[in-house]
> 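Got a structure for you, questions after.
All values below come from the heavy atoms of this structure, side chains included, with hydrogens, waters and symmetry mates left out. Keep in mind that this is a model prediction, so the values were computed, not measured.
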Amino acid sequence: MVINTEQEKRDTKFMKQVLELAKEAAKHGNEPFGALLVKDNKVVLTGENQIHTKSDPTYHAELGIIRDFCSSQKITDLSEYTLYTSCEPCCMCAGAMVWSCLGRMVYSLAHDELAEIAGFNIMIGSEEIFSKSPNRPEVVTGVLKEEAVPVYVDYFQK
């Protein structure tokens, strides 16, 4: 894979971190999903799926970061931020991105690709949510997809 631009290099660097967070989530007894929030090319918060450890089915990595960061910073507008996530967000997390006016979202594996690995589908992709919203983040897909696949195969096909 040839990385052409500085932004692509940054996206790759941050996605490597996200995939490590996904692996950590699985080690902690959760599903392997990780995310991080970036502003001005600096990580401001990292997160991982915690649905099992927190007994909260809504504690997805993306929603957790948005909830925790906005609450701690007393803000509701993330238009100057980029959220990196290991997989295409579910409809719940995509909705949170819409309501927080997220500026940019980068993910590795699409939900249809995850469905092939996991054997189930979340049915509604983030693009469908974004297409019906006045607040649409810029979306970059497929970053380090080849490196993400084994993370999910190891978890869902063990």
Side-chain angles (χ1 to χ4, degrees), residues 1 3 7-39 41-72 78 81-100 102-130 136-158:
M1 176 170 141
I3 300 172
Q7 186 60 59
E8 289 172 322
K9 289 177 185 174
R10 285 190 294 271
D11 288 348
T12 298
K13 176 183 90 167
F14 291 131
M15 190 57 68
K16 284 182 181 182
Q17 292 176 39
V18 166
L19 293 176
E20 288 305 314
L21 289 165
K23 292 174 191 175
E24 286 300 310
K27 288 178 187 173
H28 296 141
N30 295 294
E31 293 177 353
F33 300 98
L36 56 87
L37 190 62
V38 172
K39 183 177 182 188
N41 301 313
K42 293 183 180 130
V43 176
V44 297
L45 192 62
T46 65
E48 59 186 54
N49 179 297
Q50 296 183 54
I51 61 172
H52 299 302
T53 53
K54 294 221 183 234
S55 299
D56 180 351
T58 70
Y59 209 109
H60 293 192
E62 305 93 335
L63 184 58
I65 278 185
I66 291 169
R67 181 188 304 138
D68 294 347
F69 187 76
C70 289
S71 178
S72 71
L78 297 178
Y81 294 80
T82 299
L83 196 146
Y84 291 83
T85 181
S86 52
C87 278
E88 180 178 0
C90 72
C91 54
M92 175 183 68
C93 293
M97 291 174 192
V98 165
W99 293 116
S100 66
L102 182 69
R104 187 168 180 265
M105 188 260 297
V106 180
Y107 68 83
S108 187
L109 204 62
H111 80 279
D112 288 339
E113 295 164 324
L114 177 62
E116 288 180 33
I117 294 168
F120 61 87
N121 194 324
I122 60 172
M123 297 168 280
I124 300 171
S126 61
E127 287 297 328
E128 186 174 344
I129 302 298
F130 298 151
R136 298 178 193 156
E138 173 191 341
V139 177
V140 178
T141 67
V143 176
L144 295 183
K145 179 169 60 171
E146 297 80 20
E147 292 181 30
V149 169
V151 173
Y152 296 99
V153 167
D154 289 349
Y155 181 83
F156 288 106
Q157 296 181 3
K158 59 181 172 180

> So which heavy atom on Leu83 is nearest to which on Leu102, and how close?
CB-CD2, 3.7 Å
> Checking the side chain of Ser108 only, and the main-chain atoms of Gly142 only, is there a donor and an acceptor separated by less than 3.5 Å?
no
> So which pairs with a foot in residues 44-64 pass ring-ring contact (aromatic ring centres under 6.0 Å, His included), sequence neighbours left out?
none
> Are the side chain of Glu31 and the backbone of Asn49 linked by a donor-acceptor contact shorter than 3.5 Å?
no
> What pairs with Asp56 under side chain to side chain donor-acceptor pair (under 3.5 Å), at least two apart in sequence or on another chain?
Thr58
> Would you name the heavy atoms of Glu62 and Thr85 that are closest together and state the gap between them?
OE2-OG1, 2.6 Å
> In chain order, what residues pass the side chain to side chain donor-acceptor pair (under 3.5 Å) check against Lys39, with sequence neighbours excluded?
Glu80
> List in chain and number order the residues that pass ring-ring contact (aromatic ring centres under 6.0 Å, His included) with Tyr107, two or more places apart in sequence or in another chain; answer none if no residue qualifies.
none
> Applying side chain to side chain donor-acceptor pair (under 3.5 Å), name anything that partners Lys27, two or more places apart in sequence or on another chain.
Glu24
> Just to verify, what does Asn30 make a side chain to side chain donor-acceptor pair (under 3.5 Å) with, not counting sequence neighbours?
Thr53
> Any chance you could lay out the side chain to side chain contact (heavy atoms under 4.5 Å, CB included) test for Asp11 and Arg104, step after step, and finish with the verdict?
CA-CA 11 Å; Asp11 288 348; Arg104 187 168 180 265; 2.7 Å; yes
> When rounded to the nearest 0.5 angstrom, what distance separates SG in Cys87 from CG in Leu19?
8.5 Å
> Do you know which two heavy atoms are closest between Met105 and Pro137, and how far apart they sit?
N-CB, 4.3 Å
> Could you tell me which non-hydrogen atom of Ser86 sits nearest to which non-hydrogen atom of Phe33, and how far apart they are?
OG-CA, 3.5 Å
> Using every non-hydrogen atom in the two residues, find where Cys93 and Pro89 come nearest and quote the distance to one decimal.
CB-CB, 3.9 Å
> With Glu20, which of Lys23, Lys16, Gln17 fulfils side-chain hydrogen bond (donor to acceptor under 3.5 Å, both in side chains)?
Lys23
> Return the minimal non-hydrogen interatomic distance between Ala35 and Leu21, and the atom names on each side.
O-CD1, 3.3 Å
> Going from OH on Tyr81 to CG on Leu37, what distance comes out if it is rounded to the nearest 0.5 angstrom?
7.0 Å
> For Leu78 and Phe69: C-alpha separation, side-chain torsions, deciding distance, then whether side chain to side chain contact (heavy atoms under 4.5 Å, CB included) applies.
CA-CA 10 Å; Leu78 297 178; Phe69 187 76; 3.9 Å; yes
> May I have the step-by-step check of side chain to side chain contact (heavy atoms under 4.5 Å, CB included) for Leu114 and Phe156, ending in yes or no?
CA-CA 9 Å; Leu114 177 62; Phe156 288 106; 3.9 Å; yes
> Nearest 0.5 Å please: distance from the CD atom of Glu88 over to the OG atom of Ser126.
3.5 Å
> To the nearest 0.5 angstrom, please state how far the CG atom of Leu144 sits from the NZ atom of Lys13.
13.0 Å
> Could you check Leu109 against Tyr152 for side chain to side chain contact (heavy atoms under 4.5 Å, CB included), going step by step and ending with a plain yes or no?
CA-CA 10 Å; Leu109 204 62; Tyr152 296 99; 3.7 Å; yes
